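One structure is given below, encoded as structure tokens.
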Protein chains: 2
Amino acid sequence: MTRRPKVPGRSTIIDVAEEADVSRQTVSRVVANHPRVAPETRLRVKDAIEKLAYRPNRMARALVTRMSLTFGFATVDMQDLHFGDTCAGMQAAAREHGYYLVVTELDTNDNGGMGTLETLLTLGVDGVAIFPSLLDDKTLEQFAATSGCPVVVIGRESKIPNIVSIAMDETAAAELVVDHLVEGGKKRIGVLMNEMFPEVVHGRYVALQRAIEHHTGVESPPVEAGHPKIDEGRTAARVLLEKNPDIDAVVAFNDIMAMGTLLACGDLGLRVPRDIAVVGYDGIPFGAVANPPLTTIVQDSIGMADAAFMALLTCLKDGSPPDGEVLLWQPELLVRASTGLASPRT
Amino acid sequence: MTRRPKVPGRSTIIDVAEEADVSRQTVSRVVANHPRVAPETRLRVKDAIEKLAYRPNRMARALVTRMSLTFGFATVDMQDLHFGDTCAGMQAAAREHGYYLVVTELDTNDNGGMGTLETLLTLGVDGVAIFPSLLDDKTLEQFAATSGCPVVVIGRESKIPNIVSIAMDETAAAELVVDHLVEGGKKRIGVLMNEMFPEVVHGRYVALQRAIEHHTGVESPPVEAGHPKIDEGRTAARVLLEKNPDIDAVVAFNDIMAMGTLLACGDLGLRVPRDIAVVGYDGIPFGAVANPPLTTIVQDSIGMADAAFMALLTCLKDGSPPDGEVLLWQPELLVRASTGLASPRT
DNA sequence: CATTGTAGAGTGAACGTTCACATGGTGTCA
DNA sequence: TGACACCATGTGAACGTTCACTCTACAATG
């Protein structure tokens with residue numbers, strides 16, 4: 001009766017040991033399912049655990065084992081369905097392997113998200129996945145170098161030392177989109193980009209620009225940027241369309257902005273897809289309910305999430321930090337009504 | 001040089017102490033911004049921290065202080081935008097008060113979510129918010145009793161010992177919806193419920209049933225249930241409408257299912273709102289882009305999130321467990337085209 | 001019978017931190 | 001000059017675990 005449970009209701013391994021009249025270590029063995037415990041003892045310990053509602057303290061355990069069996073997942077906007085897919089995928093993969101995923105939203109006001117990442121590390125995670133990051137390559141590289149754990153960045157193609165990058169092949173995606181539009185008879189393609197995530201946007205923009213030049217000969221397509229929300233997308237799209245009345249197709253950074261574009265078209269009396277085609281990226285479920293349903297670039301979020309998890313796990317097992325590997329995923333074009341009739345594709 | 005950093009790159013308070021030639025405690029004081037440190041020493045320590053990229057180990061700290069400054073937020077579906085709002089709100093509130101929010105998705109296959117909650121506790125969180133929970137009141141009560149930390153349940157009106165409940169006033173919401181429909185001339189109201197979250201659904205259903213009876217005299221309105229996804233909502237809505245051809249209004253459990261209902265109406269050649277009105281709950285942004293834009297019940301997610309956070313914090317400060325308090329929030333009706341013209345409201 | 005092996009259980013130390021207290025030095029005031 | 005206060009800093013213990021040992025009892029072996 002010498003112990004004083006400062007936090008009532010939370011019992012420790014010693015409480016259980018006393019209750020079952022064994023040592024800490026024996027309780028520890030029972031919890032870990034260690035074979036060298038007499039069946040009768042095991043039963044007594046299990047009863048004590050049940051009786052005291054004992055839950056092992058993961059922090060104390062992590063302190064001595066130097067492994068928390070926990071990964072961190074940091075995203076800029078938890079409400080973005082696109083990230084949600086990947087997050088769910090990672091969570092599933094983690095669970096399957098006995099890991100726990102701690103999800104957090106990056107506070108971009110706190111040093112561009114770095115503050116949140118630092119806090120994530122202090123939590124003792126064994127690895128970190130970031131999707132996407134607003135930080136530039138150099139900052140990320142330095143973060144990874146001093147983090148003391150493997151780091152994976154999703155959604156950005158750039159090759160960064162100490163980091164595994166997992167991204168969609170933007171060149172292939174742009175090719176799919178532009179080829180589809182041109183085959184559908186569109187000639188003057190406008191681009192609606194995202195004013196956030198400069199690193200991600202840059203890759204996507206450059207890829208689109210190249211594909212457009214390749215397919216239509218136009219060197220710098222009309223472009224406008226806005227916040228990745230429906231209303232802001234609508235506003236930006238209206239500007240784009242008013243500045244460039246000859247546009248007959250808009251490629252938007254994501255489905256959200258594409259839906260804003262649909263509204264903007266309505267505002268200006270343009271009919272989709274007859275007067276103008278609209279394409280988005282991500283393949284969020286709402287795209288199917290848009291008016292008209294949205295043609296979009298789909299990526300295998302679950303596959304990418306799995307790969308992200310396995311990359312972290314592999315680095316941990318090997319004990320070697322990532323070395324700037326880039327895993328590229330092939331996109332698919334999901335053709336719906338916003339770009340007219342489906343065109344035959346190989 | 002006696003220390004061996006088993007995890008290279010992660011340095012401890014002792015490394016910093018040696019580097020700055022002071023004791024652990026002095027480093028600790030600098031980190032905690034304690035006033036009693038000589039300016040010159042403080043500087044030296046800060047340099048050492050910077051140089052070694054030292055990050056205090058939150059787990060070790062929590063072990064001795066018995067406070068992790070961390071709350072857990074558990075949700076059934078992270079992709080549900082409605083939960084996302086609340087989650088973001090809690091995260092903001094947490095940050096403001098120096099707390100960190102660990103977000104996790106409940107694995108309903110693992111003992112109905114209880115497994116995930118247990119793991120959350122082993123992480124050492126100081127409090128838990130659940131939104132929503134699939135667990136029944138009794139299980140929740142027992143969980144809270146043995147958790148050793150305050151527990152808040154969001155989105156359910158039930159009064160549970162040891163728990164603070166934060167919920168929307170379902171009776172008021174149902175009244176708003178039904179009154180609006182009836183004022184718009186609708187007479188035969190169907191209900192589309194969610195086959196998940198039985199506890200939440202029950203409250204909402206009963207409230208709607210009462211309001212419908214009160215306003216139209218119909219005792220048990222036609223009802224169908226489905227999964228809270230667009231496609232499943234569409235299917236269930238179609239069944240509802242085919243079984244009850246005289247329905248002139250559908251109240252759906254949430255906006256997602258309401259959007260499914262819009263599609264079902266399209267399938268059956270019904271025009272919204274002329275032939276049939278549709279109402280949802282939650283006020284997700286996509287509702288505004290639906291065709292037609294969706295009338296919906298809006299709740300103050302941020303306010304509820306703040307309240308949830310403050311409830312946890314207060315319990316912690318007072319050291320008293322929650323005692324079955326229920327905080328009720330007033331809903332608002334956001335009238336859009338899916339129910340016809342806006343009717344004047346007080 | 002002495003030796004060896006082994007199953008079952010226990011013990012001290014360590015993980016990285018903070019708390020409560022101790023220490024030594026400097027300044028102030030009677 | 002002594003008494004005291006106070007400032008800057010250091011030390012041992014503790015938080016709840018697990019690891020690497022050690023210990024005891026008993027069975028098997030020669």
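A note on names: the letters A, B, ... follow the listed sequences, proteins ahead of strands, and every chain is numbered from 1. Remember, predicted model here, so these are calculated numbers, not experimental data.
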Practice problem: Fit a plane to each ring of B:H97 and B:F309, take the angle between them on a 0 to 90° scale, and name the class: parallel (under 30°), tilted (30 to 60°) or perpendicular (over 60°). | Solution: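 The arrangement is tilted - the two ring planes meet at 30° to 60°.
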
Starting from [atom2] on [N], measure out to [atom1] on [X] and report it in whole angstrom.
| X | N | atom1 | atom2 | answer |
| --- | --- | --- | --- | --- |
| B:L123 | D:dG16 | CG | P | 17 Å |
| A:D21 | C:dG8 | CG | P | 18 Å |
| A:I14 | C:dG12 | CD1 | P | 12 Å |
| A:R61 | D:dT17 | CZ | P | 8 Å |
| B:N57 | D:dC15 | CG | P | 18 Å |
| B:D15 | C:dC15 | CG | P | 11 Å |
| A:M67 | C:dG16 | CE | C1' | 17 Å |
| B:M59 | C:dT18 | CE | C1' | 16 Å |

Using a cut-off of strictly less than 4.0 Å, decide whether [X] has a side-chain nitrogen or oxygen near OP1 or OP2 of [N].
| X | N | result |
| --- | --- | --- |
| A:T41 | C:dG8 | no |
| B:R66 | D:dG16 | yes |
| A:S28 | D:dT18 | yes |

Quiz item: Can you tell if the side chain of A:V27 reaches within under 4.5 Å of the side chain of A:V31, non-hydrogen atoms only?
Solution: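 A:V27 vs A:V31: side chains touch.
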
Ignoring the backbone of [X], work out which of [options] is nearest its side chain.
| X | options | answer |
| --- | --- | --- |
| B:A38 | C:dT17, D:dT18, D:dT9 | D:dT9 |
| A:T26 | D:dG16, D:dG10, C:dA9 | C:dA9 |
| A:Q25 | C:dT18, D:dA20, C:dA9 | D:dA20 |
| A:I13 | D:dG10, D:dT17, C:dG10 | D:dT17 |
| A:L63 | D:dC19, D:dG16, C:dG8 | D:dG16 |
| B:A60 | C:dT18, D:dT9, C:dG16 | C:dG16 |

Quiz prompt | Whichever of B:T65 and B:S23 has its nearest DNA chain D nucleotide further upstream toward 5' | solution =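 So the residue in question is B:S23.
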
Exercise. Using the closest heavy atom to pick a nucleotide of DNA chain D for each, name whichever of A:V31 or B:H34 lands nearer the 5' end.
Key: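 Nearest-nucleotide comparison on DNA chain D picks B:H34.
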
Quiz item: Can you find a donor-acceptor N/O pair under 3.5 angstrom joining the side chain of B:R24 to the base of D:dT11?
Solution: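 By the distance-only test, no, there is no pair.
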
Practice problem: Assess whether one donor atom and one acceptor atom, taken from the side chain of A:R10 and the base of D:dG16, lie less than 3.5 Å apart. | Solution: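 For A:R10, whose side chain was compared with the base of D:dG16, there is no donor-acceptor pair (under 3.5 Å).
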
Exercise. Hey, could you give me the CG/NZ distance between A:D323 and A:K159, rounded to the nearest 0.5 Å?
Key: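 The NZ atom of A:K159 is 6.5 Å from CG of A:D323, to the nearest 0.5 Å.
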
Quiz item: Which one of A:I163, A:L135, A:L121 satisfies the side chain to side chain contact (heavy atoms under 4.5 Å, CB included) criterion with A:F143?
Solution: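 Looking at A:I163, A:L135, A:L121, the match for A:F143 under the side chain to side chain contact (heavy atoms under 4.5 Å, CB included) is A:L121.
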
Quiz prompt | Sugar-phosphate only, base, or nothing, as touched by A:R58 at under 4.0 Å among non-hydrogen atoms | solution =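 No contact.
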
Exercise. Just call it for B:R36: base, sugar-phosphate, or nothing, with non-hydrogen atoms closer than 4.0 Å on any strand.
Key: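 Base, at least one base atom sits under 4.0 Å.
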
Self-check item: CA sep, side-chain torsions, deciding dist, call: B:T119, A:R58, side chain to side chain donor-acceptor pair (under 3.5 Å)
Solution: CA-CA 9 Å; B:T119 313; A:R58 219 174 162 105; 5.2 Å; no

Quiz item: Do B:D126 and B:S68 have a side chain donor and acceptor closer than 3.5 Å?
Solution: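 A donor-acceptor contact under 3.5 Å links the two side chains.
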
